[in-house]
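One-based numbering, in listed order, for ligands and for the atoms of each.
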Amino acid sequence: MTQDSSGVQNAGAQTWSAERYARNARFVAELGSPVVELLAPRPGERILDLGCGDGALTVQLERAGASVVGVDSAPDLIAAAQSLGLDARLMDARHAASQLLVIYQTVLHWMLQPDAVLVGVKRALKPGGRFVAEFGGHGNVAAIVVALLAVLARRGIDGVPLMPWYFPSDQDYRQKLEQHGFVVRDIQLIPRPTPLPTDMAGWLDTFTESFFRPLSEQDRAAAQAEVLALLRPVLCDSQGQWTADYMRLRFAAVVAE
Ligand code: BEZ
């Protein structure tokens, strides 16, 4: 993902590989069914799937009979989505967001300028248009973040400015939605401990590049091993199963008519 002035994507936070994402993070789409249910797509509705990634969730929207355009800024993920036969476009959300009725998205936690995002979404929706999403909420992956910050602190690096994510509380995000002219129908912060299909090293490779960027190539493997050593007692069970401490913020809002 890359940054644009709408704040829709997050500056070089991560390099996106479709193969790595499918291997380590397929659960993101697999666990997305509740938000599809909350969106309740209707046949013929036009949906803009912002940050559609490799299209695994976009396919579920199409199956419901909606007409979906998926948008993402990661070329490798867009190619994967197109290979599923989806209308998936490599572009930033500012250009995509026009004349569409309903918007759905899952990657809001990568967008560090939430007000700019909400301005863009509001512009894209007609009165009555729905904005439904689920993303990382307050306290998301807290143990993982603390371990990353601790390992960087050992090296004299303040990792807080390297954090590529926005994890608001339900109260904070409700207030933001209302300030931008949305009526909030439902908003919930949901603890969702998430068993990882591979392991924590795979999760770190997939999502935490920005924390390791200040380190030399030689030091990165050692730093990752230290993060794993800190996390193992709390996130890995006796069978070797890793579980990430996810908190999800799920909401449905409409543009006031
Ligand atoms: C996710 O998309 O699952 C995710 C990414 C970064 C931090 C937490 C969750």
Set of side-chain contact (heavy atoms from CB on, under 4.5 Å) partners for Ala40, sequence neighbours left out: none
Residues forming a side chain to side chain donor-acceptor pair (under 3.5 Å) with Gln188, sequence neighbours excluded: Asp186
Could you check, using the six-membered ring where one of them is a Trp, whether Trp203 and Tyr21 have ring centers closer than 6.0 angstrom? no
Any salt bridge linking Asp172 with Arg174? Criterion: basic side-chain nitrogen under 4.0 Å from a carboxylate oxygen. no
Answer yes when Arg220 and Glu209 have at least one side-chain N-carboxylate O distance shorter than 4.0 Å, and no when they do not. no
List, for ligand 1, each N/O atom that has a protein N/O partner under 3.5 Å away, with both atom names and the distance.
residue	atom	partner	partner atom	Å
ligand 1	2 (O)	His109	NE2	3.2
ligand 1	3 (O)	Tyr246	OH	2.7

Please enumerate all residues that pass side-chain contact (heavy atoms from CB on, under 4.5 Å) together with Ala150, with sequence neighbours excluded. Leu230
